[in-house]
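Values below: every heavy atom of this structure, side chains too, minus hydrogens, waters and symmetry copies.
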Amino acid sequence: MGRFTRRRSIFEEKDALRDDYEPDSLEARDEELDAYTDALQPVVDGWQPNNIFLYGKTGVGKTAATEYLLSELEADCRQYDDVDLSIVHVNCNTLNSSYQIAVHLVNELRDPGRQISTTGYPEATVFDMLYDELESIGGTVLIVLDEIDNIGTDDDILYELPRARSNGYLESVKPGLIGISNNFAFRDQLSPKVKDTLCEEELHFSPYDAGELRQILRSRAELAIRDDALDQDVIPLCAAIAAQDTGSARQAITLLLRAGELAGNDDAEAIAESHVRTARNVIETERVQEGMRQLTVHGHLVLLAVTAHATRDETPVRMRDLYPLYRRYCDHLAVDPITKRSVHDHLGDLTMQSVLERHERNAGARGNYYEYALEVPMTAALDALEDVGSFDDIVADLRHRAPQS
DNA sequence: CATCCACTGGAAGATATGGCGA
DNA sequence: TCGCCATATCTTCCAGTGGATG
């Protein structure tokens, strides 16, 4: 008997559950689509486009609605000779300045042979290049800036682009900005001069409720999953978990996908509730490990120091106790230590990523301070630290020390 | 009820890295 | 090669915080 045997797959068309899948229709967003359509109307009429801002948490259909509507808009514009529409889409995920966004817009518009690097030019030069590229396209250009809240307070580009025409930098182009933000508060941190122009049209996408998520999941599952491979309670459970957690369709769908994979590994006939619950933990751990992998050397050393305290049952720790251990590890690895103040920043970062938890303590005349502890399972922290590879011996030592395991 | 401790958090500046055009 | 430019990371400096203590 061979090691491998063919098994009946849970999935029919797994791609329909992946992040990049574009469904033919958008479930449960009728009102939003109507409002969005109205906001885009000037494009078809040949006017200067509105600037549009979309707000709403991740996974509530902002990007999906944009892609869906813009492709329809492109198709519909083709029947009017006097409307020449182009669309540029940039995800600002890793871009945290106006400069970076401008560079990426230029590269998006230029052909592969003429790409520019992400540093080195004066800011004004990059803007000039951007205007040149826009001019050479002509017509109406919709610029979609996804996850725009990443740029924080540096909103120059949001000020410049809408005004480029009236300032004489653009002649034959009618530019329109579509900004997509995950963060509702972003709107308020924009400088006032930007807020005026940019928020001409504001569209709010609210989180999906459990009923809407069930609707979405059913339509996807119909394509993705074999007819009899789904226990009855699975979709309601995925929907309920996601609705309570974030209201995100992406979360609900990923949950279903992972549950299906787990069911497959189990050789199960169908996805069951238990697979969903396990999938939830798997996703959580993956998220944390991914976050920890992105840290710098000192980030790792700081986490190592906290983890070491945790193995000795000495968490929560305060700075005063943590810093000396951090220094010892630096010595051991012949790394130049950074100051307390910088360690403090790393602790803040780790807290932001939900890797550490932090509590304020107050000892009155003996000062107030923060205490830190791991917010993830110790094994997850050790696994992630081991992945780094530069201090295997220390991690191995900590594993011994750690309770149970 | 003022004081005071032990940091915290903001800001500005230093340093290093990598890239630009001339 | 040199003088600029942008960015990431760290350092230096320092005012501000807030509840237990006397």
Side-chain angles (χ1 to χ4, degrees), chain A residues 90-110 112-133 145 147-161 185 188-189 191 291-306 309 314-331 333-353 355-373 388 390:
Chain A
V90 167
N91 190 313
C92 308
N93 206 348
T94 56
L95 315 176
N96 47 19
S97 65
S98 284
Y99 180 90
Q100 291 295 335
I101 291 177
V103 167
H104 278 255
L105 279 172
V106 169
N107 283 338
E108 189 74 18
L109 295 169
R110 286 191 173 183
R114 298 171 54 232
Q115 303 275 301
I116 58 174
S117 80
T118 56
T119 60
Y121 301 99
E123 182 157 341
T125 309
V126 179
F127 275 88
D128 284 345
M129 290 191 255
L130 179 55
Y131 295 141
D132 284 350
E133 292 304 320
L145 301 176
E147 301 186 44
I148 183 72
D149 43 313
N150 271 300
I151 66 167
T153 51
D154 173 16
D155 53 11
D156 286 1
I157 194 163
L158 303 180
Y159 181 74
E160 293 294 334
L161 269 176
D188 296 323
Q189 74 185 44
S191 51
M292 291 202 275
R293 262 180 219 122
Q294 286 169 12
L295 303 173
T296 63
V297 190
H298 290 293
H300 290 137
L301 287 168
V302 170
L303 178 60
L304 184 65
V306 178
H309 276 278
E314 288 170 5
T315 46
V317 229
R318 57 187 296 187
M319 254 296 199
R320 171 190 285 175
D321 304 320
L322 186 72
Y323 191 64
L325 183 58
Y326 160 80
R327 294 291 294 247
R328 283 230 301 284
Y329 284 137
C330 286
D331 265 7
L333 297 163
V335 173
D336 285 345
I338 56 177
T339 59
K340 260 190 187 174
R341 180 66 187 78
S342 303
V343 167
H344 169 59
D345 281 344
H346 282 289
L347 286 168
D349 287 350
L350 287 162
T351 307
M352 284 289 241
Q353 295 191 41
V355 173
L356 298 182
E357 61 181 356
R358 171 166 101 170
H359 293 286
E360 198 171 352
R361 293 273 171 244
N362 230 300
R366 272 168 289 116
N368 53 352
Y369 51 88
Y370 285 146
E371 285 183 339
Y372 297 89
V388 177
S390 9

Mutual orientation of the aromatic rings belonging to A:Tyr372 and A:Tyr370 [parallel < 30°, tilted 30-60°, perpendicular > 60°]: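 Ring orientation of A:Tyr372 relative to A:Tyr370: perpendicular.
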Ignoring the backbone of [X], work out which of [options] is nearest its side chain.
| X | options | result |
| --- | --- | --- |
| A:Arg318 | B:dA6, C:dC10, B:dG9 | B:dA6 |
| A:Arg366 | C:dC10, B:dC5, B:dT8 | B:dC5 |
| A:Tyr99 | B:dA6, B:dC4, C:dT7 | C:dT7 |
| A:Arg358 | B:dC4, B:dT8, B:dG9 | B:dG9 |

Rounded to whole angstrom units, what separation is found between the [atom1] atom of [X] and the [atom2] atom of [N]?
| X | N | atom1 | atom2 | answer |
| --- | --- | --- | --- | --- |
| A:Ile338 | C:dT11 | CD1 | P | 6 Å |
| A:Tyr372 | B:dC7 | OH | P | 11 Å |
| A:Met319 | B:dT8 | CE | P | 6 Å |
| A:Tyr326 | C:dC10 | OH | P | 8 Å |
| A:Asp154 | C:dA8 | CG | P | 11 Å |
| A:Met129 | C:dA6 | CE | P | 11 Å |
| A:Asp321 | B:dA6 | CG | P | 12 Å |
| A:His104 | C:dT7 | NE2 | P | 11 Å |

[X] vs [N]: side-chain N/O to OP1/OP2 distance below 4.0 Å:
| X | N | value |
| --- | --- | --- |
| A:Arg361 | B:dT8 | no |
| A:Asn96 | C:dA8 | yes |
| A:Thr339 | C:dC10 | no |
| A:Ser97 | C:dT7 | yes |
| A:His346 | C:dC10 | yes |
| A:His344 | B:dG9 | yes |
| A:Tyr369 | C:dT17 | no |
| A:Gln100 | C:dT7 | yes |

Please determine whether a side-chain nitrogen of the Lys or Arg among A:Glu371 and A:Arg318 lies less than 4.0 Å from a carboxylate oxygen of the Asp or Glu.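 Salt bridge flag = no for A:Arg318 with A:Glu371.
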Please determine if A:Asp345 and A:Arg341 form a salt bridge, counting it only when a charged side-chain N lies under 4.0 Å from a carboxylate O.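 Looking at A:Asp345 and A:Arg341, the cut-off is met.
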For the residue pair A:Leu350 and A:Gly299, what are the closest heavy atoms and their distance?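 Heavy atoms only, the tightest pair is CD1-O, 4.2 Å.
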Least distance between heavy atoms, A:Leu333 atom then A:Ser390 atom: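 Scanning both residues, the minimum pair turns out to be CD2-O, 3.8 Å.
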For A:His309, all residues meeting side-chain contact (heavy atoms from CB on, under 4.5 Å), sequence neighbours excluded: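 So A:His309 forms a side-chain contact (heavy atoms from CB on, under 4.5 Å) with A:Glu314, A:Thr315, A:Val317, A:Asp321, A:Leu322, A:Leu325.
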What do you reckon, is CZ of A:Arg361 surrounded by more than 12 foreign heavy atoms closer than 6.0 Å?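 More than 12 heavy atoms, drawn from other residues, nucleotides or ligands, come within 6.0 Å of this atom.
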5' to 3', nucleotides 11-22 of chain B under a 4.0 Å protein heavy-atom cut-off (B base, S sugar-phosphate only, - none) gives -------BBSS-
Over all strands shown, is A:Glu360 touching base, sugar-phosphate only, or nothing at heavy-atom distances under 4.0 angstrom?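 If one applies the 4.0 Å heavy-atom cut-off, A:Glu360 turns out to touch nothing in the nucleic acid.
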Spatial distance of atom NE2 (A:His298) from atom CG (A:Leu304) [nearest 0.5 Å]: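 Those atoms lie 13.0 Å apart.
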